[in-house]
Amino acid sequence: MASLADLVNLNLSDCTDKVIVEYLWVGGSGIDIRSKARTVNGPITDASQLPKWNYDGSSTGQAPGEDSEVILYPQAIFKDPFRRGDNILVMCDCYTPQGVPIPTNKRHNAAKIFNSAKVAAEETWYGIEQEYTLLQKDVNWPLGWPIGGYPGPQGPYYCAAGADKAFGRDIVDAHYKACLYAGINISGINGEVMPGQWEFQVGPSVGIAASDQLWVARYILERITEVAGVVLSLDPKPIPGDWNGAGAHTNYSTKSMRQAGGYEVIKKAIEKLGKRHMQHIAAYGEGNERRLTGHHETADINTFKWGVADRGASIRVGRDTEKDGKGYFEDRRPASNMDPYVVTSMIAETTLLL
């Protein structure tokens with residue numbers, strides 16, 4: 001008698017050329033990610049081979065009930081670490097039946113920016129540091145914290161090991177390997193300053209690929225926490241008080257920044273970012289004012305400043321970049337729940353097109 005696990009892990013390639021495609025899209029809140037699956041003839045090697053599909057936008061807060069159909073346009077494919085074999089995940093963006101991008105489709109505008117001649121010529125690289133918090137199911141309290149109580153103060157938890165300091169490592173490692181399997185350019189993980197909080201990094205990835213990969217990495221993490229019975233939070237300040245918040249620091253460079261003399265290019269780009277500080281802040285995530293207080297490794301939300309190796313700055317430049325005279329910089333302002341399509345394209349727009 002086959003077990004449930006046996007059936008879940010059936011190798012379909014033994015008996016059919018059909019594959020299961022999980023269509024992913026950003027939901028109505030702009031933070032949630034939704035998905036549904038369909039069967040297609042395989043194997044699939046490019047998103048252009050997949051048919052468009054649709055879903056009920058009235059159930060995701062993206063369309064009225066009397067005209068609820070939203071169309072999914074496949075954009076980027078990844079191997080499916082859950083079903084494995086030739087089965088895939090596909091990141092989509094969303095349109096009306098008339099082909100107009102819906103308001104929550106931030107990918108469409110980002111693609112226009114990244115496809116512009118000036119931005120494309122600069123080969124923009126991004127490395128996104130996604131912080132997140134693991135919560136105990138039903139009580140919405142961080143993993144490893146006593147229910148209704150608090151652990152010892154911050155200090156021993158960052159990049160730590162031990163049952164009293166690192167909580168949820170099995171989830172983190174499962175996610176790390178699943179992302180590598182999927183083809184996501186995940187470059188590392190680490191425990192964060194607040195207990196129950198972790199970080200993974202995606203990149204360096206070029207242009208819009210960084211955002212596609214981060215959204216799919218978030219989806220994979222959501223699925224793994226589902227299996228583990230743990231709740232994933234991208235809230236930028238999940239616990240009020242003397243605890244670090246959660247950000248999505250965005251590292252950025254252009255071809256000109258990576259070449260000789262790039263440090264001067266970096267400084268000019270930072271100057272441009274400073275002039276549009278409040279426009280960026282408005283687009284960098286919900287609830288970010290609770291995180292950007294000027295404490296806990298942040299600059300105040302109303303203040304723009306940059307510095308070398310300064311984690312209390314809006315923009316941090318690394319020591320190696322200063323020493324080499326070229327490299328990248330880190331925008332420390334984005335919140336953990338930011339939309340990477342918005343943040344990455346806005347950085348490119350401000351530094352290259354304005």
Side-chain angles (χ1 to χ4, degrees), residues 1-27 32-57 59-60 62 68-95 97 99 101-102 104-105 107-108 110-111 171 173-187 200 202-203 205-228 232 340-341:
M1 181 69 178
S3 69
L4 182 60
D6 291 334
L7 295 171
V8 168
N9 294 315
L10 276 175
N11 183 357
L12 299 178
S13 63
D14 291 343
C15 59
T16 181
D17 62 354
K18 294 185 183 298
V19 298
I20 302 170
V21 182
E22 194 78 24
Y23 282 61
L24 317 181
W25 70 94
V26 179
D32 60 318
I33 188 160
R34 307 290 182 117
S35 77
K36 64 177 190 173
R38 71 180 294 174
T39 307
V40 303
N41 292 322
I44 300 297
T45 58
D46 190 86
S48 63
Q49 296 173 259
L50 292 169
K52 295 174 184 175
W53 205 14
N54 64 77
Y55 67 92
D56 172 16
S59 295
T60 62
Q62 293 172 294
S68 64
E69 194 167 282
V70 179
I71 312 302
L72 293 167
Y73 286 33
Q75 299 291 358
I77 64 170
F78 301 85
K79 293 175 65 177
D80 186 339
F82 303 102
R83 296 188 176 104
R84 290 172 285 186
D86 290 331
N87 304 300
I88 60 172
L89 311 173
V90 59
M91 190 65 205
C92 305
D93 59 352
C94 305
Y95 298 79
I102 66 172
T104 51
N105 179 357
R107 192 187 192 280
H108 178 78
I171 294 170
D173 276 354
H175 176 250
Y176 196 171
K177 290 183 177 180
C179 284
L180 287 171
Y181 179 94
I184 293 167
N185 190 22
I186 185 170
S187 50
F200 67 89
V202 167
S205 300
V206 179
I208 205 164
S211 298
D212 288 335
Q213 291 179 24
L214 187 70
W215 271 116
V216 176
R218 285 175 171 178
Y219 170 78
I220 292 172
L221 182 56
E222 192 90 65
R223 286 283 304 277
I224 290 171
T225 54
E226 173 190 322
V227 172
L232 169 65
Y341 294 128

Under 3.5 Å, is there a donor-acceptor pair between the side chain of [X] and the main chain of [Y]?
X	Y	answer
S205	A210	no
N9	D6	no
Q213	G183	no

Gap between atom [atom2] of [Y] and atom [atom1] of [X] - 0.5 Å precision:
X	Y	atom1	atom2	value
S211	M91	OG	CE	9.5 Å
C179	R218	SG	CZ	12.0 Å
H175	R223	NE2	CZ	12.0 Å
T60	I33	OG1	CD1	12.5 Å

Worksheet entry | Qualifying residues under salt bridge (Lys or Arg N to Asp or Glu O under 4.0 Å), relative to R107, sequence neighbours excluded | D212

Item to complete: Report the residues that fulfil salt bridge (Lys or Arg N to Asp or Glu O under 4.0 Å) with D32, sequence neighbours left out, ordered by chain and then residue number.
Response: R34

Fill in: Within 6.0 Å of NZ in K36, more than 12 heavy atoms from elsewhere
yes

Can you list everything that forms a side chain to side chain donor-acceptor pair (under 3.5 Å) with [X]? Sequence neighbours excluded, please.
X	value
W53	none
Q49	T45
R38	none
S187	none

Could you tabulate the donor-acceptor pairs under 3.5 Å formed by side-chain atoms of residues 68-80, not counting sequence neighbours?
{"unit_1": "Q75", "atom_1": "NE2", "unit_2": "D93", "atom_2": "OD1", "d": "2.8"}
{"unit_1": "D80", "atom_1": "OD1", "unit_2": "F82", "atom_2": "N", "d": "2.8"}
{"unit_1": "D80", "atom_1": "OD1", "unit_2": "R83", "atom_2": "N", "d": "3.2"}

Item to complete: Could you check if a side-chain atom of I184 sits within less than 4.5 angstrom of a side-chain atom of L214, using non-hydrogen atoms only?
Response: no

Worksheet item: Is the closest side-chain heavy-atom distance between H108 and Y95 below 4.5 Å?
Response: yes

Can you name the nearest heavy-atom pair linking [X] to [Y], along with the distance?
X	Y	result
F200	A217	CE1-CB, 3.6 Å
S35	Y219	OG-OH, 3.4 Å
I44	D46	CG2-O, 3.5 Å
A178	I224	CB-CD1, 4.1 Å
I220	A182	CD1-CB, 3.9 Å

Sequence neighbours excluded, which residues qualify as side-chain contact (heavy atoms from CB on, under 4.5 Å) partners of [X]?
X	value
A110	F114, I208, Y341, S345
L7	A2, L10
L180	Y176, I186

Please list every donor-acceptor pair under 3.5 Å in which a side-chain atom of residues 13-21 meets a protein atom from a residue at least two apart or in another chain.
{"unit_1": "S13", "atom_1": "OG", "unit_2": "N11", "atom_2": "OD1", "d": "2.6"}
{"unit_1": "S13", "atom_1": "OG", "unit_2": "N11", "atom_2": "ND2", "d": "3.4"}
{"unit_1": "T16", "atom_1": "OG1", "unit_2": "K18", "atom_2": "N", "d": "3.0"}
{"unit_1": "K18", "atom_1": "NZ", "unit_2": "N41", "atom_2": "OD1", "d": "3.1"}

Discussion item. Can you list everything that forms a ring pair (Phe, Tyr, Trp, His ring centres under 6.0 Å) with Y55? Sequence neighbours excluded, please.
Written reply: W25

